[in-house]
Asker: 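Below you will find the structure I want to go over with you.
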Amino acid sequence: MKTNETTSVRVRIAPSPTGFLHVGTARAALFNFLFARRHGGTFIVRIEDTDAQRSEKRFEDNIIEGFTWLGLTWDEGPDVGGPYGPYRQSERKDLYRTHLKLLLERDLAYHCFCTKEELEAQKNYMLANGIPPKYSGVCAGLGKDEVARRIADGALSVIRFRATAKKLAFGDGVKGKIEVDTELIGDFTIAKSVDEPLYNFTAAIDDELMRISHVIRGEDHISNTPKQILIQEALGFHTPHYAHLPLILGPDKSKLSKRHGAASILEYRDDGYLPEALANFLAFLGWHPGGEKEFYSLLELISQFDIAHVNKSNAVFNIQKLDWFNAHYIRQKSDDELCALCLPYLQKAGMIDASTDREKVKKIVALEKERLKKLSDIVPLSSFFFALPEYASEILVWKKSDAATTAKSLAASCAALEALDAPQFTEEAVKDALGAVASEFGNGAAYWPVRVALSGMEASPGPVEIAEVLGKDETIKRIRAGITRLNMI
RNA sequence: GGCGCCAUCGUCUAUCGGCUAGGACACCGCCCUUUCAAGGCGGUAAGACGGGUUCGACUCCCGUUGGCGCUACCA
């Protein structure tokens with residue numbers, strides 16, 4: 001796709017607020033955003049809410065919130081306005097009505113009175129007889145008077161566009177040249193009535209009126225493109241450059257959808273994924289800047305983005321890779337930032353409240369930082385700090401040790417730690433105290449039981465770090481409980 | 001069924017005619033190490049198939065097969 005400096009780049013993401021912001025739309029938005037910013041163009045958000053039955057404001061809000069969370073910014077949209085508004089199709093009815101009437105007057109479109117049942121029957125007949133199914137055209141030749149009479153009689157109708165049969169080809173920025181025979185399309189519907197326009201029609205009108213230069217969208221829209229081009233030609237509109245992105249697939253290789261898991265991008269946020277991780281991951285689904293660098297900030301993505309390098313084939317959404325990106329970005333956070341990010345999860349789990357010592361929480365988060373794949377992992381990983389979990393006494397014994405030795409080493413550790421004055425219960429002091437025990441019993445026989453007694457878990461941060469966070473009293477208490485347990489084995 | 005799009009490790013990908021096919025995730029092993037994680041090192045693993053074109057094809061062309069998408073009075 002050529003992007004010379006003289007034609008300004010204007011791209012749009014046109015979500016339909018009939019559901020929460022899903023991954024596919026978010027990725028398409030990201031690519032449009034990247035493309036616009038890369039070329040100093042304009043990024044527009046246009047809400048396609050022509051389907052009044054299915055559109056809901058809460059979905060629009062969810063979509064806008066999702067884009068914002070991802071780090072995207074737009075220049076024109078329903079919330080920020082712009083010179084080509086309004087940016088909600090439901091608020092552009094008059095524009096569509098004008099063009100619809102124009103099409104009707106010029107006989108480029110016509111009223112169709114066929115009922116859904118009739119249409120269904122026609123379709124089944126054609127299918128059964130091996131004929132490519134398309135509108136039969138029974139209403140295509142109705143005279144003006146006949147149409148007026150039927151409408152006056154209250155007959156229900158839809159508006160169909162007269163699709164001229166021809167070989168149509170358009171260049172695609174990703175796929176190359178795409179050719180279709182519009183003969184196979186047939187006269188398609190563009191409105192339920194002059195006040196109820198349908199998707200292919202409104203998209204063609206708005207892309208013209210909003211001066212859209214490039215349409216970047218999922219390849220599930222390839223079959224809509226010739227319809228939109230036909231409408232553009234009938235109305236004397238320009239045809240924007242098209243670029244159809246490969247689809248994002250679920251593990252089963254079918255188009256990613258709600259049934260594959262997260263229904264909304266915001267669910268990823270709530271689950272503890274970082275926007276920079278998701279953006280990095282999503283950008284790499286179907287595109288790659290070349291080279292072996294893996295981590296790209298949004299700014300770096302912008303500077304490298306080239307739509308010519310977008311893949312043609314679909315990509316499977318690999319949650320493990322997302323986790324890896326996320327873990328990386330979590331580790332990049334400062335302790336303060338990460339603590340602030342983890343706080344909501346800890347609070348929600350009831351593990352901390354306003355009275356909890358913030359410095360203690362920060363130490364805990366810092367300790368678990370490199371173990372977090374998602375922010376929400378902080379809850380199961382750190383709960384033992386706040387309340388010792390129930391655990392099997394047997395796990396106190398290190399694999400290369402025995403109960404008797406473990407009891408002795410735990411008692412020694414306990415004594416060594418008790419000898420420390422509470423104010424001097426520093427990481428340094430604890431380390432020296434336990435180090436002395438370790439030099440007598442060996443690292444494994446000394447550290448393992450202390451760590452298990454303190455955490456109640458077979459896997460956790462080291463005993464010195466935990467003890468320092470817990471403080472002398474709690475540390476001694478937990479170790480004594482461990483010793484008691486050992487004596488009962 | 002019709003039409004369209006696509007085809008490199010299990011997954012995301014590099015390669016734009018010269019490849020001993022590179023990287024990443026995941027997986028396995030080793031190191032580090034009380035455990036886990038992180039980190040370091042190493043390993044298993046790919047050009048769907050068949051024809052062309054060419055000195056030379058993963059790269060170009062054709063066919064086959066397979067996958068996906070679309071086929072609404074949804075978008």
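Residue numbers start from 1 in every chain, and the chains themselves are labelled A, B, ... in the order their sequence lines are given, proteins ahead of strands.
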Asker: Could you tell me how far apart A/W324 (CH2) and B/G39 (C1') are, to the nearest whole angstrom?
Answerer: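 Distance check: A/W324 CH2 to B/G39 C1' gives 14 Å.
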
Asker: Is any side-chain nitrogen or oxygen of A/K253 closer than 4.0 Å to OP1 or OP2 of B/G66?
Answerer: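 No, no such contact exists.
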
Asker: May I ask which nucleotide in the shown strands pairs with B/G63, Watson-Crick or G-U wobble, both distances under 3.5 Å?
Answerer: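 Base partner found: B/C49.
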
Asker: Looking at B/U54, which nucleotide sits across from it as a Watson-Crick or G-U wobble partner, both distances under 3.5 angstrom, or is there none?
Answerer: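 Because no pair has both required distances under 3.5 Å, B/U54 counts as unpaired.
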
Asker: When you measure from the side chain of A/H288, which nucleotide among B/C6, B/A14, B/G1 comes out closest?
Answerer: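 Of the candidates, B/A14 comes closest.
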
Asker: Given B/G22, B/U34, B/A7, identify the nucleotide with an atom nearest to the side chain of A/Y447.
Answerer: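 Output: B/U34.
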
Asker: Give the intermediate values and the outcome of side chain to side chain donor-acceptor pair (under 3.5 Å) for residues A/E300 and A/S303.
Answerer: CA-CA 5 Å; A/E300 292 173 312; A/S303 72; over 6 Å; no

Asker: Using the C1' atom on both, measure B/A14 against B/C25 and round to a whole Å.
Answerer: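 Each nucleotide's C1' atom is 15 Å from the other's.
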
Asker: Tell me if the centroids of the rings in A/F325 and A/Y273 come within less than 6.0 Å of each other.
Answerer: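 Not close enough - the centres of the two rings lie 6.0 Å or further apart.
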
Asker: Taking the side chain of A/N443 as its heavy atoms from C-beta onward, which of B/U11, B/G2, B/U34 lies nearest to it?
Answerer: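 Closest of the options to the side chain of A/N443: B/U34.
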
Asker: Paired with B/C70: which nucleotide, if any, by Watson-Crick or G-U wobble criteria at under 3.5 Å for both distances?
Answerer: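 Across any shown strand, B/C70 pairs with B/G2.
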
Asker: Assign A/H221 to base, sugar-phosphate, or nothing according to its heavy-atom contacts below 4.0 angstrom with the strands shown.
Answerer: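 Base: the residue A/H221, judged by heavy atoms under 4.0 Å, touches a nucleobase.
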
Asker: What is the distance, rounded to the nearest whole Å, between atom CZ of A/F188 and atom P of B/A72?
Answerer: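 Nearest whole value for this atom pair: 13 Å.
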
Asker: Out of B/U35, B/A7, B/G23, which nucleotide sits closest to the side chain of A/K312?
Answerer: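 In terms of side-chain proximity for A/K312, the closest of B/U35, B/A7, B/G23 is B/A7.
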
Asker: According to a strict under-4.0 Å criterion, is A/K134 in side-chain N/O contact with OP1 or OP2 of B/G2?
Answerer: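 So the side chain of A/K134 is outside the cut-off, no N or O lying under 4.0 Å from OP1 or OP2 of B/G2.
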
Asker: Please give the nucleotide sitting opposite B/C30 as a Watson-Crick or G-U wobble pair, both distances under 3.5 Å, or none.
Answerer: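 When the pairing criteria are applied, B/G40 turns out to be the nucleotide that pairs with B/C30.
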
Asker: For atom P, what is the distance between B/C5 and B/C60, given to the nearest Å?
Answerer: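 Each nucleotide's P atom is 16 Å from the other's.
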
Asker: Could you tell me whether A/E368 contacts a base, only the sugar-phosphate backbone, or nothing, with contacts defined as non-hydrogen atoms closer than 4.0 Å?
Answerer: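 Here A/E368 touches no strand at all.
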
Asker: Do A/D377 and A/Y345 pair up side chain to side chain, a donor and an acceptor below 3.5 Å, judged on atom types alone?
Answerer: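 No, no side-chain donor-acceptor contact under 3.5 Å.
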
Asker: How do A/G444 and A/L285 order along RNA chain B: which one's closest nucleotide is nearer the 5' end?
Answerer: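 Residue closer to the 5' terminus by nearest nucleotide: A/L285.
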
Asker: Hey, does A/I159 reach any base, or is it just sugar-phosphate, or nothing, if we go heavy atoms under 4.0 Å?
Answerer: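 If one applies the 4.0 Å heavy-atom cut-off, A/I159 turns out to touch nothing in the nucleic acid.
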
Asker: Compute the centroid of each ring, for A/H260 and then for A/F317, and state whether the two points are separated by less than 6.0 Å.
Answerer: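 No: the rings miss the under 6.0 Å criterion.
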
Asker: Starting at the 5' end of RNA chain B and moving along, which residue's nearest nucleotide shows up first, A/G286 or A/T18?
Answerer: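 The residue closer to the strand's 5' end, by nearest nucleotide, is A/G286.
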
Asker: Is there a donor N/O on one and an acceptor N/O on the other, under 3.5 Å, for the side chain of A/K321 and the base of B/A24?
Answerer: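 Pair found.
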
Asker: Sticking with atom C1', work out how far B/C74 lies from B/G22, rounded to a whole angstrom.
Answerer: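 One C1' to the other, the span is 44 Å.
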
Asker: According to the interplanar angle, ranging from 0 to 90°, do the rings of A/F237 and A/H99 count as parallel (below 30°), tilted (30 to 60°) or perpendicular (above 60°)?
Answerer: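 Ring orientation of A/F237 relative to A/H99: perpendicular.
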
Asker: Answer with yes or no whether A/N224 presents, from its side chain, a donor or acceptor under 3.5 Å of a partner atom in the base of B/A75.
Answerer: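 Donor-acceptor pair under 3.5 Å: yes.
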
Asker: If we take the C1' atom in both B/C73 and B/U13, what is their distance in whole Å?
Answerer: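 Comparing C1' positions in B/C73 and B/U13 gives a spacing of 43 Å.
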
Asker: Is A/R331 close enough and on-axis enough to A/Y329, meaning under 6.0 Å and within 45°, for cation-pi?
Answerer: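 No, A/R331 does not lie over the aromatic ring of A/Y329.
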
Asker: If the cut-off is 4.0 Å, is A/R331 near the phosphate of B/G39, judged by side-chain N/O to OP1 or OP2?
Answerer: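 Yes, such a contact exists.
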
Asker: Between B/C27 and B/C36, how far is it from one P atom to the other, in whole Å?
Answerer: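 Taking atom P in both B/C27 and B/C36, they lie 14 Å apart.
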
Asker: Paired with B/A24 by Watson-Crick or G-U wobble geometry, both distances under 3.5 Å: which nucleotide is it?
Answerer: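 Result: B/U11.
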
Asker: Which nucleotide in the set B/G69, B/C73, B/C5 lies at the smallest distance from any side-chain heavy atom of A/L119?
Answerer: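 It is B/C73.
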
Asker: Is there a side-chain polar atom (N or O) of A/N318 under 4.0 Å from OP1 or OP2 of B/U11?
Answerer: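 Checking B/U11 against A/N318, no side-chain N or O comes under 4.0 Å of OP1 or OP2.
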
Asker: Could you tell me if the ring centre of A/W324 sits under 6.0 Å from that of A/F281?
Answerer: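 Ring-ring flag for A/W324/A/F281: false, centres at least 6.0 Å apart.
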
Asker: Would you say A/N311 places a side-chain N or O within less than 4.0 Å of OP1 or OP2 belonging to B/A14?
Answerer: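 Checking A/N311 against B/A14: at least one side-chain N or O falls below 4.0 Å of OP1 or OP2.
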
Asker: Taking the C1' atom in each of B/C9 and B/C28, what is the distance between them to the nearest angstrom?
Answerer: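 Per the computed distance, 15 Å lies between those C1' atoms.
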
Asker: What interatomic distance, in whole Å, is found between C1' of B/G67 and the corresponding atom of B/A48?
Answerer: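 Straight-line distance between the two C1' atoms is 11 Å.
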
Asker: Below the 4.0 Å mark, does B/A72 have OP1 or OP2 next to a side-chain nitrogen or oxygen of A/K123?
Answerer: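 The answer is yes; a side-chain N or O of A/K123 sits under 4.0 Å from OP1 or OP2.
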
Asker: Counting side-chain heavy atoms from CB outward, which of B/G4, B/C74, B/U13 is closest to A/L198?
Answerer: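 Looking only at heavy atoms from C-beta outward on A/L198, the closest nucleotide is B/C74.
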
Asker: Think A/W448 has a side-chain N or O under 4.0 angstrom from the OP1 or OP2 of B/U34?
Answerer: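 For A/W448, the contact criterion (side-chain N or O under 4.0 Å from OP1 or OP2 of B/U34) is not met.
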
Asker: If you check the A/R160 side chain, which of B/C73, B/C25, B/G69 turns out closest?
Answerer: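 Of all the options, the side chain of A/R160 is nearest to B/C73.
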
Asker: If I take atom CD1 in residue A/I378 and atom P in nucleotide B/A37, what distance separates them, rounded to the nearest angstrom?
Answerer: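 My rounded result for the distance is 16 Å.
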
Asker: Of the options B/G23, B/A75, B/G2, whose atoms approach the side-chain atoms of A/R54 most closely?
Answerer: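 So the nucleotide nearest the side chain must be B/A75.
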
Asker: Identify which nucleotide among B/A37, B/C74, B/A26 has an atom closest to any side-chain atom of A/D51, counting heavy atoms from C-beta outward.
Answerer: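 For A/D51, the side-chain atoms sit closest to B/C74.
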
Asker: Check the distance between B/U33's C1' and A/W398's CH2 and give it to me in whole angstrom.
Answerer: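 After rounding, the reported distance stands at 10 Å.
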
Asker: Does the side chain of A/S254 get closer than 4.0 angstrom to OP1 or OP2 of B/G67 through an N or O atom?
Answerer: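 Looking at the OP1 and OP2 atoms of B/G67, neither is under 4.0 Å from any side-chain N or O of A/S254.
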
Asker: Can you spot which of A/Q228, A/Q89, A/K227 makes a side-chain hydrogen bond (donor to acceptor under 3.5 Å, both in side chains) with A/Y199?
Answerer: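 The option that passes is A/Q228.
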
Asker: Output the single nucleotide from B/G23, B/C70, B/C68 whose closest atom is nearest the side chain of A/N314.
Answerer: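 For the A/N314 side chain, the nearest candidate turns out to be B/C68.
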
Asker: Evaluate the ring planes of A/F170 and A/H244, with Trp represented by its six-membered ring, and classify them as parallel (under 30°), tilted (30 to 60°) or perpendicular (over 60°).
Answerer: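 Ring orientation of A/F170 relative to A/H244: perpendicular.
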
Asker: If I pick the C1' atom on B/A7 and the same atom on B/U59, what distance separates them, to the nearest angstrom?
Answerer: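 Those two atoms are separated by 13 Å.
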
